[in-house]
Each structure stands twice: as C-alpha cells, then as structure tokens.
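Inspection log for the structure reproduced underneath, given as structure tokens.
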Amino acid sequence: MRFYMTTPIFYVNGDPHIGHAYTAIAADVLARFKRLDGYDVHFLSGTDEHGQKVEKAARDAGMAPQDFCDAISAKFRDMEVRLDVSTDDFIRTTEPRHVHGVQALWRRLRERDQIYLGHYEGWYAVRDEDFYSADDVTLLADGSRVAPTGAPVEWVREPNFLFRLSRWQDALLQHYEENPDFVGPPAKRNEMLSFIRGGLTDLSVSRTSFKWGIPVPDEPGHVIYVWVDALANYITALGYPDLCSSLWPRWPADLHLVGKDILRFHAVYWPAFLMAAGLPVPKRIFGHGWWTVEGEKMSKSVGNVIDPLSLVDRFGVDAVRFFLFREVPFGNDGDYSERALISRMNTELANDLGNLCQRSVSLIARNCAGVLPDRGPLTQDDEEMLGLADGLIGSLRERMDRQALHEALEEVWKAIRAANAYIDRQAPWALKKTDRARMAAVLRVLADVIRSVATMLSPFMPQSMARMLDQVGVPHGLRSIAGLQTPLPEGTLLPAPQGVFPRFVEEAA
RNA sequence: GGCGGCGUAGCUCAGCGGUAGAGCAGGGGAAUCAUAAUCCCUUGGUCGGUGGUUCAAAUCCGCCCGCCGCUACCA
C-alpha cells in the first residue's frame, strides 16, 4: 500500500508565516496517519523559486537570485523541521533534477502540439505574476492602475507560447463527473466545475520579460511560465522524465493538499497539463481555508503576521499543531486568537486528556506497584468504554480520507470525555477499599483506552503522544493502528507518572 | 449579472421530513484518584423573514433580507 502526498511548494518571496505552517502541518498529520495505518508513504514538500517577483525581491535585498533563494528556502525547510513535519523529500525548483524534468515536460507538450507560439498583451501584475483583463483593472486617482488584488499592473506585449487549455475542457468535465472526489471540499469542487463550464481559453506559458526561470528549450529569451514550472515539481521529484526511476511508480499522487488560493491551478491547469502530456492525473486535490488573526486579515502592513516559530517557542509544537485542526473545520477559514489557543490547551489538552492520563497512571503507580494490571472479566460498562476506543480506528480512517481533521479530533474527544465519565462512575479509588481485583480491572481498561487515544492522536501530536504511550507502557513496536490489536504485555512495569500537558499559565505582566 | 454556500442557544457549530442538539461560556450539586482537574443536573433558541407543499418543516418549494465564495459583464 503506497501513498504519495504533497504540500504546495512554497514561494520564496517572503518568510514563512502561519499559513505556510498550516498547510505543512495538515499534510504532515495526514502523512503520519497513513504511516500509522501501515502505508508506505512518500511525503513531498519544497520551494518554488523562479519568477519575476523573486528576481525583484533578490535585487531589492541586494543579492543574487540564487543566493536569495538559498536563504529563504532554508527558512522553509527549517520551519518544517521545527514543526515536526516529516517530509521524505524537499524539492527546490532551482535544482537540476527539476529544471531537467520541466524542460522534458515542455518538449513533450510541444511534440504533442499542446503548445504553440503566439503573443500576449495585456495588463500584467508583477506581484501576482499574472495577466488581468482590462475589466479587472482599476484606474486610480493618481493615474496608476491596479489589479483586483491591489497589485500594480503595467501594459505588456510579448511573444508567448500558449498552452491549448481550451482543448481540454470536455476531458476535464468528464474527469470531474467520473471522479466525484477529485476535488474537495465539495463546495470548492463546484467552483472549479463552474469555472471550467464557463469556458477555458488557452494559457500563456512562457515569458520574455524576465530571466529568472527555466529557459524554454531551443528558444532563447523565453522562460517557462511559473505555473508549468511549479506544478511539475510533483513529478520531477519522482524522477520525471525517467519513468524507470524507483519513485515513479508512486505517480499519480494520492493527494495534493493546497490552500484555496491556488486550488484552480491544481484542479484545472495541472490536470490539463498532465492529460496533454499523456500522464495520469492526481487522485485527489484538497483546498483548505485561510487564517485570520484576532478577527483581522493577516497582512504585513497591519503587522499582525503570525510567525509559527515564535508560537511554537511559547506554546510548544504539539499545542500549536492541535489547535490548528481542533479550532476550525478543515476547509473553512479560521481565526487565530491567543485566548482561543490557551483555552484549547488548558481545557482540552491539560484538563480532559492530560489529567485523564495522569489520574489513571497515578492510581496504577500507587495501587498496583506501578505494574500494568491484567484485564479482568469485562462488565457492560467496560465493554462499552473499550468499544468506543476501538471504534476510533474505523471512524478516523474514514474522516482522514476526507481530510476532515476536525471531525477526527472530535471523535477522539468523545472517547476522552467518555473515559473521564467512566473513571468517575467506576471510582477505582473507592474500589481499592472494597474490591482490589475490580479496581485493577478498571485501571487496565483505562490504560487500554488511553493507549488507543494516544495512538490515534499521535499523527497530530507526535511528541506528546509518544510520551503518553510511554506512560502506559506501549512498546515501540506496537505504536501503530495494527499494533493496537496486540494486547500490552502482562506485567509491564510503568515509568513514574509524569504530566504530559501542564496547564498553560500566562506569565504575570 | 450568473452559479454556489451560509444565516439554528451568549460563542463555535451539528442536525437536513416526525414533538429543537453538542462543545465552550453561565447556574446548581456530587466527588476528592488527578494538572483546583473530573462527573452529574441545569438556565438558555418563535432554527434570518415571509408565503406554500405535507397529517407533520431547521429539514422540501417560492419570494425577500443579510453575509461570503467563485465567475462574468456593462463600462
């Protein structure tokens, strides 16, 4: 069972912010879940380093483009490392393997008459690296013109190679029809469909106005348009055009995870490029939402851009990872606020989960000499509690396959709340005076439930859940979904209880 | 302008034809194993408005209002 999934490659015109962290962590949670479930996962991330904006940013920074890219790309890689994002490969579009692959893809498209030489003129925004129709351009009072995105535009006329996107309209519609899960969430799929139905025009795929890009083969002066370059990373990282490479059998990708702003490129242009090249298209593309900060749109000018690393320094990596998917339905936009984050940490991590583990493990330490008790005869209450924990496996699989990360967490939390109710009902602290055998049996049920919960949560919070699994004595070889079928060894000596999620107390100002 | 989504308890949302639900917040109680954590009970909504279909409508249909997304055009 193979699973190939990707993050977008991040554009290196600025430092990483919480939006990048969100995509990367979401992809990581999904990748880790698939690994936990026994899949042979290949998880790709990377940086997108070409284009006029980068060329300009480098010039502004007084650096050579490549040096500039090296510096920013390193920041993205560092961010992923610090966020425990477990990529298997990190591709940069300035790497020879990518440049070579993109040129091969270009040649193939030309050979198949999918690209032709024409010319393009129109309002061009350097910042967006995109052309806009005259209708979309607004004339400002000072005589300058801007795109709907607010980016300044200039009139540009240049010879261009065009991709015959218009030819692929019907094939795309058919593909959407035959693959209802091709794009998620469903609302976004509808938007993509209506965009395609609205008619596709050929797409400009080269530029002559700047140099920082992959040269069009045999056409001096032309550089390959950013999206052909960028999207191709998903196959060049697998060795394209070498279809005998060891990684190539992983194509097509099982999942491209992207932000909603670049969904169209992935859900329309990319499949069209692939079809035109005679290659299979990805199985699924999911577009997630955006974060606002304390109710406001994040922007450099407002100065409210959240640096994920400072968040991690303050709250810890797992609390941040948890918050991002617990707070907001994945696919919707969300709002970050410090209060909400602290509230989730204290209410759900410390009180509900951390305290459940702590109270259970402490009772075992004190009353069972720190040895994991054996199962006793199961009462109906025990059966129901254990059944709820076991049911997590199927229910999370289904939800993770829909990228419903928030629903997955809610399912786990139902089990955690049920476990807190169970321990109160059974009151092992009272049983210790009346029926020590029953007390031990109850504590074993709790340990098993905590084991299930911690296992299922480990893709979300790898470090904390590893510590929690230590607390209930789960051997490393059993830390997987398959491993849950094997009972914990009898007589396991548990380590001294140690809190996993301390309450977060704000420092006095 | 077209297509689509949303509007349900103070907050975030689930329900999508059969007498209004969850979490958080608020109130009361229990317990004291535990990170003053937990558990139980509870206050609270004319389900945006309005017509209609139906024995029965948050739930289906029409219209209106308000947000939002995608897209187009006039100019």
Side-chain angles (χ1 to χ4, degrees), chain A residues 132-139 148 183 185-201 259-265 267-268 287-290 292 295 297 323 325-337 339-368 381 385 399 404 406-407 409-434 436 439-440 442-443 446-447 450 464 467-468 471 497-505:
Chain A
Y132 290 92
S133 72
D135 305 322
D136 291 331
V137 170
T138 310
L139 182 62
V183 175
K188 297 288 175 204
R189 172 192 137 93
N190 290 339
E191 289 181 5
M192 293 302 111
L193 260 174
S194 73
F195 175 77
I196 298 168
R197 288 205 185 100
L200 300 176
T201 54
K260 64 179 183 181
D261 54 320
I262 54 173
L263 185 60
R264 189 210 291 174
F265 300 103
V268 180
H288 69 244
W290 285 74
T292 52
K297 197 174 171 187
F323 172 79
F325 306 106
R326 178 62 172 156
E327 183 71 4
V328 169
F330 193 58
N332 292 10
D333 288 349
D335 182 55
Y336 165 82
S337 79
R339 199 169 64 90
L341 172 51
I342 292 171
S343 165
R344 292 283 180 190
M345 283 180 77
N346 285 341
T347 309
E348 299 189 327
L349 293 182
N351 296 355
D352 290 347
L353 176 55
N355 185 49
L356 170 69
C357 181
Q358 181 71 5
R359 64 200 302 211
S360 304
V361 159
S362 298
L363 285 163
I364 294 172
R366 188 152 337 108
N367 302 306
C368 307
D381 203 16
M385 184 67 250
R399 285 167 172 78
H406 60 296
E407 287 185 29
L409 286 173
E410 176 57 22
E411 290 302 303
V412 178
W413 248 259
K414 279 182 191 161
I416 292 169
R417 285 187 215 108
N420 272 318
Y422 171 85
I423 194 174
D424 272 36
R425 241 183 351 258
Q426 296 297 330
W429 48 90
L431 287 169
K432 94 177 160 190
K433 295 167 202 150
T434 58
R436 290 193 73 88
M439 173 202 73
V442 166
L443 293 177
L446 284 162
I450 291 165
S464 312
R467 271 184 280 133
M468 192 165 282
Q471 292 277 288
Q498 200 170 24
V500 174
F501 293 113
R503 277 183 78 77
F504 182 85
V505 182

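Just so it is clear: chains get the letters A, B, ... in the order the sequence lines come, proteins before strands, and each one is counted from 1.
Every residue two or more places apart in sequence or in another chain that forms a side-chain contact (heavy atoms from CB on, under 4.5 Å) with Ala430(A) is listed here: Ala427(A). Checked against side chain to side chain donor-acceptor pair (under 3.5 Å), Glu327(A) has the following partners two or more places apart in sequence or in another chain: Arg344(A). Judged as a side-chain contact (heavy atoms from CB on, under 4.5 Å), and not counting sequence neighbours, the contacts of Lys260(A) are Lys188(A), Trp290(A), Asp333(A). Residues satisfying the side-chain contact (heavy atoms from CB on, under 4.5 Å) criterion with Asn355(A), sequence neighbours excluded, are Arg359(A). Applying the side-chain contact (heavy atoms from CB on, under 4.5 Å) rule to Ser362(A) yields the partners Gln358(A), Arg366(A), Pro497(A); only residues at least two apart in sequence or on another chain are considered. Partners of Trp429(A) under the ring-ring contact (aromatic ring centres under 6.0 Å, His included) rule, at least two apart in sequence or in another chain, do not exist in this structure. Every residue two or more places apart in sequence or in another chain was checked for a ring-ring contact (aromatic ring centres under 6.0 Å, His included) with Phe501(A), and none qualifies.
Remark: C1' of A22(B) and CD of Glu407(A) are 13 Å apart, rounded to the nearest angstrom. Rounding to whole angstrom units, CD of residue Glu411(A) and C1' of A22(B) are separated by 12 Å. The interatomic distance linking Lys260(A) (NZ) with U71(B) (P) rounds to 12 Å, in whole Å. Rounded to an integer number of Å, the gap from Phe195(A) CZ to G69(B) C1' is 15 Å. Rounded to whole Å, atom P of C70(B) lies 9 Å from atom CZ of Arg264(A). Atom P of nucleotide G5(B) and atom CE of Met192(A) are separated by 15 Å, given to the nearest angstrom. In this structure, His288(A) places its NE2 atom 16 Å from C1' of G69(B), rounding to the nearest Å. Phe323(A) places its CZ atom 20 Å from the P atom of G23(B), with the value rounded to the nearest Å.
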Please evaluate residues Leu363(A) and Ile423(A) with respect to the criterion side chain to side chain contact (heavy atoms under 4.5 Å, CB included), reporting the C-alpha separation (whole Å), side-chain torsions for both, the decisive distance (0.1 Å), and the verdict.
CA-CA 11 Å; Leu363(A) 285 163; Ile423(A) 194 174; 4.3 Å; yes

One pair to check against ring pair (Phe, Tyr, Trp, His ring centres under 6.0 Å): His288(A) and Phe330(A). What are the steps and the verdict?
CA-CA 6 Å; His288(A) 69 244; Phe330(A) 193 58; 5.6 Å; yes

Apply side chain to side chain contact (heavy atoms under 4.5 Å, CB included) to Ile416(A) and Glu348(A), showing your working.
CA-CA 9 Å; Ile416(A) 292 169; Glu348(A) 299 189 327; over 6 Å; no

Sequence-aligned protein contact record of nucleotides 34-42 of chain B, with B where the base is within under 4.0 Å of a protein heavy atom and S where only the sugar-phosphate is
BB-SBS---

How would nucleotides 8-13 of chain B be written as a contact map, 5' to 3', with B for base contact, S for sugar-phosphate-only contact and - for no contact, using protein heavy atoms under 4.0 Å?
------

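Where pairing requires Watson-Crick or G-U contacts shorter than 3.5 Å, the helical stems of RNA chain B with at least three consecutive pairs are B:1-7 with B:65-71, B:10-13 with B:21-24, B:26-30 with B:38-42, B:48-52 with B:60-64.
Within the 4.5 Å cutoff, no side-chain heavy atoms of Phe195(A) are placed close to those of Met192(A).
To the nearest whole angstrom, the two P atoms, one in C3(B) and one in C64(B), are 13 Å apart. With both ends at atom C1', the span from U53(B) to C11(B) equals 36 Å, rounded to whole Å. Look at the P atom in both U46(B) and G2(B): the space between them is 34 Å, to the nearest Å. Going from the P atom of A58(B) to that of G21(B) covers 13 Å, rounded to whole Å. Rounded to a whole angstrom, the distance from the C1' atom of C16(B) to that of A20(B) is 13 Å. Atom P of C33(B) sits at a distance of 47 Å from the matching atom of G18(B), rounded to the whole Å. Between A31(B) and C41(B), the distance separating the two C1' atoms is 14 Å to the nearest Å. Across the C1' atoms, C65(B) and G49(B) are found 7 Å apart, a figure rounded to whole Å.
Note on ring orientation: taking the six-membered ring where Trp is involved, the planes of Phe323(A) and Tyr336(A) are perpendicular (angle over 60°, cut-offs 30° and 60°).
Sorted by first and then second residue, the salt bridge (Lys or Arg N to Asp or Glu O under 4.0 Å) pairs involving residues 412-422 of chain A (not counting sequence neighbours) are Glu410(A)-Arg417(A), Glu411(A)-Lys414(A).
In terms of position on RNA chain B, the residue among Trp429(A) and Arg326(A) whose nearest nucleotide sits closer to the 5' end is Arg326(A).
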Give me the distances for all protein-to-nucleotides 1-3 of chain B N/O pairs that come in under 3.5 Å?
none

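The line from CG of Leu356(A) to CE of Met468(A) is 7.5 Å long, rounded to the nearest 0.5 Å.
Syn is the conformation of A58(B), whose glycosidic angle sits no further than 90° from 0.
Contact record, Trp413(A) with Leu349(A): CH2-CD2, 4.1 Å, taken as the closest heavy-atom pair.
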